Amino acid sequence: PRFAYRGLHLDVCRHFFPLSFVKKYIDVLAAHKLNTFHWHLTDDQGWRIEIKKFPKLQSVASCRNETLVGHYSDTPERYDGVKECGYYTQKEVKEVVEYARKRFVTIIPEIEMPGHALAALTAYPELGCTGGPYETAKKWGVFDDVFCAGNDETFNFIEGVLDEVCALFPGTYIHVGGDECPKVRWEACPKCQKRMKTEGLKDEHELQSYFVRRAEAVLTKHGKKLIGWDEILEGGIASSATIMSWRGIEGGIAAAKAGHDAIMTPSSDVYLDYYQSDPATEPLAIGGYLTLEKVYSYEPVPAELNAEEAKHILGAQANVWTEYITTSDYVEYMAYPRAC
Ligand code: ACM
Ligand code: ZN
């Protein structure tokens, strides 16, 4: 109750979970007095929300041809040979939004940009710097191919997507990602370089900020506010942005000191995809080591902030990334009891 924002996140891109489970997840988080569900809906490995203006997001981007078996660091890599598809229709999204509302839970949808966009690029390769072809990712990691920031078609796409997303979700906040966006394609892309020149941007970090500001303008038009991962601080923060501090607490501190709101989600303390006990005794996970005791002892307000700055820390959120979490039972095993 110290905090207005008490969140739990779920990645439905790396593995897709049925609507019935999403509702159960909301039931359980509400039972624990969490009030925000961060729904991670788009990523390299799949696009999971119906967007009527762009039908190939359903027919192409919601599928990947097969999936990595075992850990991403294993050699040689092995794949399961099984095509996997899944997305939520807008009708289903509305159903979940209403289900959550009745439980006093607000949903924050996340639409990733400019990185973590391979599934979208596979459907619409003209939105990437090289023009593709691309393939929805079959393994986990950070990929060099991202949305082209020099192509006006990209912003037409982003606007069309966000228009529909804003209409579906009644909450104030829309999350636009912004994390882990390599700049190598932008560095080599004539359109991106031209954009930097005409907009007076001194490097690719400022180009990323330009991208985020274009998204912010769309959200503002709908009366919404933008949230981004802490990387969006790097080229100058968008004026109305709230920061999700995940690479530690520094992003949250910088945001609060600059007068921006922040939500604390440091991987060291609240990444529930990390091992919770001796890895030798646990199912396969991404790595890390985060015990129940450590999560419990997490203090969301950094000691570096004075009382005035600390007001910008809206609260905390735990994140459940599902690269290795293949079933709903496993989601619950990882989320609880640590989410409590
Ligand atoms: C993140 O964990 N890449 C936000
Ligand atoms: Zn480009």
Side-chain angles (χ1 to χ4, degrees), residues 3 5-14 29 34 36-45 72 108-117 140-143 146 173-183 205 208-209 211-212 215 225-235 237-238 241-258 260-276 285-290 294-295 297-305 312-325 331 334-335 338-339:
F3 297 101
Y5 187 109
R6 307 180 299 276
L8 190 61
H9 149 291
L10 183 64
D11 167 13
V12 295
C13 302
R14 276 54 176 268
L29 73 89
L34 300 174
T36 308
F37 171 47
H38 173 168
W39 204 0
H40 183 79
L41 286 164
T42 76
D43 216 305
D44 299 303
Q45 295 81 7
Y72 77 92
I108 297 180
E110 181 182 358
I111 307 296
E112 276 267 19
M113 64 190 79
H116 286 296
W140 327 120
V142 174
F143 299 93
V146 303
Y173 292 107
I174 306 288
H175 200 307
V176 299
D179 60 320
E180 299 179 317
C181 179
K183 308 297 188 294
H205 293 296
Q208 164 142 341
S209 289
F211 199 113
V212 172
K225 285 166 80 174
L226 180 147
I227 298 184
W229 300 111
D230 57 61
E231 285 93 331
I232 72 167
L233 287 159
E234 286 169 353
I237 187 171
T242 294
I243 294 295
M244 253 184 202
S245 189
W246 75 278
R247 297 177 300 177
I249 62 174
E250 292 74 17
I253 294 170
K257 285 190 180 291
H260 286 258
D261 288 343
I263 295 154
M264 303 306 285
T265 70
S267 57
S268 52
D269 294 84
V270 287
Y271 264 40
L272 305 187
D273 56 337
Y274 284 9
Y275 285 109
Q276 53 196 310
I286 194 159
Y289 184 66
L290 178 58
K294 182 156 188 215
V295 180
S297 63
Y298 177 58
E299 164 53 55
V301 177
E304 289 86 342
L305 299 182
H312 287 294
I313 304 298
L314 302 183
Q317 172 177 292
N319 294 340
V320 183
W321 302 101
T322 60
E323 287 92 338
Y324 298 93
I325 302 180
V331 170
M334 296 302 269
R338 290 182 293 182

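This is a predicted model, so every value here is computed, not measured.
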So V320 and Y271, do their side chains get closer than 4.5 Å, heavy atoms only? no
Would the number of heavy atoms belonging to other residues, nucleotides or ligands and lying under 6.0 Å from OH of Y72 be above 12? no
Quick one: pull up OH in Y298 and CZ in R338 and give me the separation to the nearest 0.5 Å. 15.5 Å
For E231 and C181, run side chain to side chain contact (heavy atoms under 4.5 Å, CB included): C-alpha distance rounded to whole Å, both residues' side-chain angles, the deciding distance at 0.1 Å, then the answer. CA-CA 9 Å; E231 285 93 331; C181 179; over 6 Å; no
Tell me, please, which residues at least two apart from E234 pass salt bridge (Lys or Arg N to Asp or Glu O under 4.0 Å). R247
Spacing of CG belonging to D230 relative to CD belonging to E250, to within rounding of 0.5 Å: 8.5 Å
Evaluation steps, side chain to side chain contact (heavy atoms under 4.5 Å, CB included), between H205 and K183: CA-CA 8 Å; H205 293 296; K183 308 297 188 294; 4.0 Å; yes
Would you check if the side chain of D44 reaches a backbone N or O of A117 as a donor-acceptor pair within less than 3.5 Å? yes
Holding to salt bridge (Lys or Arg N to Asp or Glu O under 4.0 Å), I want the full list of residues that pass it with E323, two or more places apart in sequence or in another chain. R14
Do the side chains of E112 and D179 get nearer than 4.5 Å, heavy atoms only? yes
Taking all atoms of both residues into account, what is the closest heavy-atom pair of M264 and P302, and its distance? CE-CG, 4.0 Å
So do the side chains of V12 and L41 get within less than 4.5 Å of each other, counting heavy atoms only? yes
Treating Y289 as the side-chain partner and Q276 as the backbone partner, does any N or O pair qualify as donor plus acceptor under 3.5 Å? no
Side chains of H38 and L10, heavy atoms from C-beta outward: is any pair under 4.5 Å? no
Any donor-acceptor N/O pair, S268 side chain to G248 backbone, under 3.5 Å: no
Main-chain N/O of T322 paired to D11 side chain as donor or acceptor, under 3.5 Å: yes
Please verify the inter-ring angle class for W229 with W321; under 30° counts as parallel, over 60° as perpendicular, anything in between as tilted. tilted
Nearest heavy atoms of V146 and G115, plus distance in Å: CG1-CA, 3.7 Å
Reported CG-to-OG distance for the pair D273 and S267, which is rounded to 0.5 angstrom: 9.0 Å
Partner of L314 under side-chain contact (heavy atoms from CB on, under 4.5 Å), chosen from T36, I263, I227: I263
Is there a side chain to side chain contact (heavy atoms under 4.5 Å, CB included) between F37 and L8 once you walk through the steps? CA-CA 5 Å; F37 171 47; L8 190 61; 5.6 Å; no
Please report the closest heavy-atom contact between G252 and I313, naming both atoms and the distance. O-CD1, 4.3 Å
Are the side chains of E304 and I249 in touch, meaning some heavy atoms are under 4.5 Å apart? yes
When rounded to the nearest 0.5 angstrom, what distance separates OG in S209 from CD1 in I232? 7.5 Å
Could you check whether any side-chain heavy atom of V295 comes within less than 4.5 Å of a side-chain heavy atom of L290, counting everything from C-beta outward? yes
Nearest-0.5 Å distance that lies between atom CG in L272 and atom CG in N319: 7.5 Å
4.5 Å side-chain heavy-atom contact, V331 and M334: no
Counting N and O atoms only, with roles assigned by atom type, does the side chain of T265 sit under 3.5 Å from a partner on the main chain of S245, one being a donor and the other an acceptor? yes
Is T242 close to L226 at the side-chain level, that is, under 4.5 Å between some pair of heavy atoms? no
Sequence neighbours excluded, the answer for salt bridge (Lys or Arg N to Asp or Glu O under 4.0 Å) partners of K257 is E309
Could you tell me whether H175 and W246 have their ring centroids closer than 6.0 angstrom? no
Candidate pair H116 and F143, rule side chain to side chain contact (heavy atoms under 4.5 Å, CB included), full reasoning: CA-CA 7 Å; H116 286 296; F143 299 93; 5.6 Å; no
Measure the CD1-CD1 distance between I253 and I243 for me, rounded to the nearest 0.5 Å. 13.0 Å
Please check if the side chain of Q208 supplies one atom and the backbone of G178 the other of a donor-acceptor pair under 3.5 Å. yes
Looking only at the side chains, is there a donor atom on one of Q317 and H9 sitting less than 3.5 Å from an acceptor on the other? no
